[in-house]
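Note that the structure is predicted; figures quoted are calculated from it, not measured. FYI, the numbering just counts along the sequence from 1.
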Amino acid sequence: MAQRYVRVQTTEGIIYYGLLHLDLNVQVIDAPPWLQGQPTDLILQPDSYQILAPSSPSKIIAVGKNYAEHAAEMGSKVPEEPLIFLKPPTCIIPSEGEIQYPEVSQRVDYEGELALLIGEAATKCSPQSAQSKIWGYTIANDVTARDLQKRDNQWTRAKGFDTFCPLGPWIVREVSPGARLQTFLNNNETPVQSACIDQMVFSPETIVSYISQVMTLLPGDVILTGTPLGVGPLNHGDRIRIEIEGIGRLENTVAAKK
């Protein structure tokens, strides 16, 4: 199994980065691993910490319509260049965190995605050098208030509600180009989304290069690479699970209706 890099909070409220071992002990690292953090002698026992989202980024940049079949299901063509938008860092929650359903929305959708973790600053980098800027990979759910997205004709509100970016549960350094992404709703054995990540229209290095022409990417920043065919609604009390081969699973519950 690939090394799993986590960000955790202890029962005393202290936040650490660390390596998650098979026995669920966490070996603490003295800094974020993408900033050359090194293992220490401090070991956290499984009952002494809670897993947080694996990064606390300065920004989250997402890519829309990056799978041809998803673009078609949204009634549009594949963009000629990456279609990017921002989600605020305040919408991040960890695996097992609760997605809150906004009162102003009647349709909230899941969107399972591969997420990239930037390891070093990137400004106007080429696609060839962009790969070296990607430190690792995790899983994201680009939760979207679909009715508001259509009403607003831009995506900030629909994508930016608190809890609308489940992220995690950890970071791995490498992922197979042909890894399969699958999304499962309410423990149904049949996935509602299933695609290989090499079906992306724009590759991770192309995306990083493109974004870096617009804004400087900083260590710890997160890029969501787009969702495949099969997006659909979430309802109060639903449980949503996104799996990517070689990474793991991101699981969250939608808050029950009050």
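- Lys87 is listed as a side-chain neighbour of Phe164, based on a closest heavy-atom distance under 4.5 Å.
- Contact between Ala53 and Pro94 at its shortest, heavy atoms only, is N-CB, 3.4 Å.
- Using a 4.5 Å cut-off between side-chain heavy atoms of Ile, Leu, Val, Met, Phe, Trp and Tyr, with links allowed through other members, Tyr5 and Ile223 fall into different hydrophobic clusters.
- Across Pro82 and Tyr210, no two heavy atoms sit closer than the pair O-CE2, 3.4 Å.
- Side-chain contact, Ser203 with Thr206: a donor N or O sits under 3.5 Å from an acceptor N or O.
- Listed by first and then second residue, the ring pair (Phe, Tyr, Trp, His ring centres under 6.0 Å) pairs involving residues 92-112 are Tyr101-His236 (not counting sequence neighbours).
- Proximity of Tyr16 to Val26: side-chain heavy atoms (C-beta onward) are nowhere separated by under 4.5 Å.
- Residue Leu218 is found outside any hydrophobic cluster, as its side-chain heavy atoms come under 4.5 Å of no other Ile, Leu, Val, Met, Phe, Trp or Tyr.
- Hydrophobic clustering keeps Ile171 apart from Tyr137 (ILVMFWY residues linked when any side-chain heavy atoms are closer than 4.5 Å, directly or through intermediates).
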* To do: Using the side chain to side chain contact (heavy atoms under 4.5 Å, CB included) rule, take Leu86 and Trp155 through it: C-alpha gap first, then chi angles, then the decisive distance, then the call.
  => CA-CA 9 Å; Leu86 293 170; Trp155 300 357; over 6 Å; no
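- Within the 4.5 Å cutoff, the side chain of Leu185 has heavy atoms near those of the Asp238 side chain.
- Leu52 forms part of a hydrophobic cluster together with Ile15, judged by ILVMFWY side-chain heavy-atom separations under 4.5 Å.
- Closest approach of Gly168 and Pro54 over heavy atoms only: CA-CD, 3.6 Å.
- Checking side-chain atoms of Gln182 against main-chain N and O of Gln193 turns up no donor-acceptor pair under 3.5 Å.
- Remark: side-chain polar atoms of Gln154 are paired, donor with acceptor, to backbone N or O of Thr156 under 3.5 angstrom.
- Within the structure, the ring pair (Phe, Tyr, Trp, His ring centres under 6.0 Å) test picks out no pair touching residues 190-209 (sequence neighbours left out).
- Identified under the side-chain hydrogen bond (donor to acceptor under 3.5 Å, both in side chains) test for residues 166-181, with sequence neighbours left out: Arg180-Ser194.
- Taking all atoms of both residues into account, the shortest heavy-atom contact from Ile29 to Pro33 is CD1-CB, 4.4 Å.
- With hydrogens and angles ignored, the 3.5 Å screen pairs a side-chain donor or acceptor of Glu73 with a backbone N or O of Gly230.
- The shortest distance between side-chain heavy atoms of Val108 and Val143 falls below 4.5 Å.
- The backbone N or O of Leu114 lies less than 3.5 Å from a partner atom in the side chain of Thr225, making a donor-acceptor pair.
- Glu98 and Gln100 share a donor-acceptor pair across their side chains, judged by distance under 3.5 Å alone.
- Taking the salt bridge (Lys or Arg N to Asp or Glu O under 4.0 Å) definition, one finds that Asp30 meets it with nothing, sequence neighbours left out.
- Taken together through direct or relayed side-chain contacts under 4.5 Å among Ile, Leu, Val, Met, Phe, Trp and Tyr, Ile51 and Leu167 form parts of separate hydrophobic clusters.
- Pairs engaging residues 242-251 under the salt bridge (Lys or Arg N to Asp or Glu O under 4.0 Å) rule: Arg239-Glu251, Arg241-Glu243, Glu243-Arg249, Arg249-Glu251 [sequence neighbours left out].
- When all heavy atoms are compared, the tightest approach of Thr227 to Gly112 is OG1-O, 2.8 Å.
- No side-chain N or O of Asn188 forms a donor-acceptor pair with one of Asn186 less than 3.5 Å apart.
- Residue Leu229 shares its hydrophobic cluster (ILVMFWY side chains chained together at separations under 4.5 Å) with no other residue.
- Of the possible polar contacts, one joining the Gln213 side chain to the Ser209 backbone as a donor-acceptor pair under 3.5 Å is found.
- The distance from the CD1 atom of Ile242 to the CD1 atom of Ile139 is 7.5 Å, given to the nearest 0.5 Å.
- Minimum heavy-atom separation, Asn141 to Ile240: ND2-CG2, 3.8 Å.
- For CD of Glu103, the number of neighbouring non-hydrogen atoms (other residues, nucleotides, ligands) closer than 6.0 Å is 12 at most.
- With hydrogens and angles disregarded, no donor-acceptor distance shorter than 3.5 Å links the side chain of Asp162 to the backbone of Cys91.
- Contacts classified as salt bridge (Lys or Arg N to Asp or Glu O under 4.0 Å) and involving residues 59-70 (residues at least two apart or in different chains) are given here: Lys59-Asp221.
- In this structure, the side chains of Leu181 and Cys196 stay at 4.5 Å or more apart for every pair of heavy atoms.
- Cluster annotation: Leu224 and Met200 are assigned to distinct hydrophobic clusters (Ile/Leu/Val/Met/Phe/Trp/Tyr, side-chain heavy-atom contacts under 4.5 Å, transitive).
- One finds the CD atom of Gln45 at 8.0 Å from the CD1 atom of Ile43 (value rounded to the nearest 0.5 Å).
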Side chains of residues 115-126: which donor-acceptor pairs under 3.5 Å do they make with residues two or more places apart or in other chains?
residue : atom : partner : partner atom : Å
Glu120  : OE2  : Lys133  : NZ           : 3.1
Thr123  : OG1  : Thr216  : OG1          : 2.9
Ser126  : OG   : Gln128  : N            : 3.4
Ser126  : OG   : Gln128  : OE1          : 3.4
Ser126  : OG   : Ser129  : N            : 3.1
Ser126  : OG   : Ser129  : OG           : 3.1

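- For the salt bridge (Lys or Arg N to Asp or Glu O under 4.0 Å) test, residues two or more places apart in sequence or in another chain that qualify with Lys159 are Glu111, Asp142.
- Annotation: ring-ring contact (aromatic ring centres under 6.0 Å, His included) contacts of Tyr67 (sequence neighbours excluded): none.
- Between the side chain of Thr144 and the main chain of Arg146, no donor-acceptor pair closer than 3.5 Å is present.
- Within the 4.5 Å cutoff, the side chain of Phe161 has heavy atoms near those of the Leu148 side chain.
- Between the Asp152 side chain and the Gln149 main chain, no donor and acceptor come within less than 3.5 Å of each other.
- Between the side chains of Gln27 and Thr40, no donor-acceptor pair of N or O atoms lies under 3.5 Å.
- Gln50 CD: 12 or fewer foreign heavy atoms inside a 6.0 Å radius.
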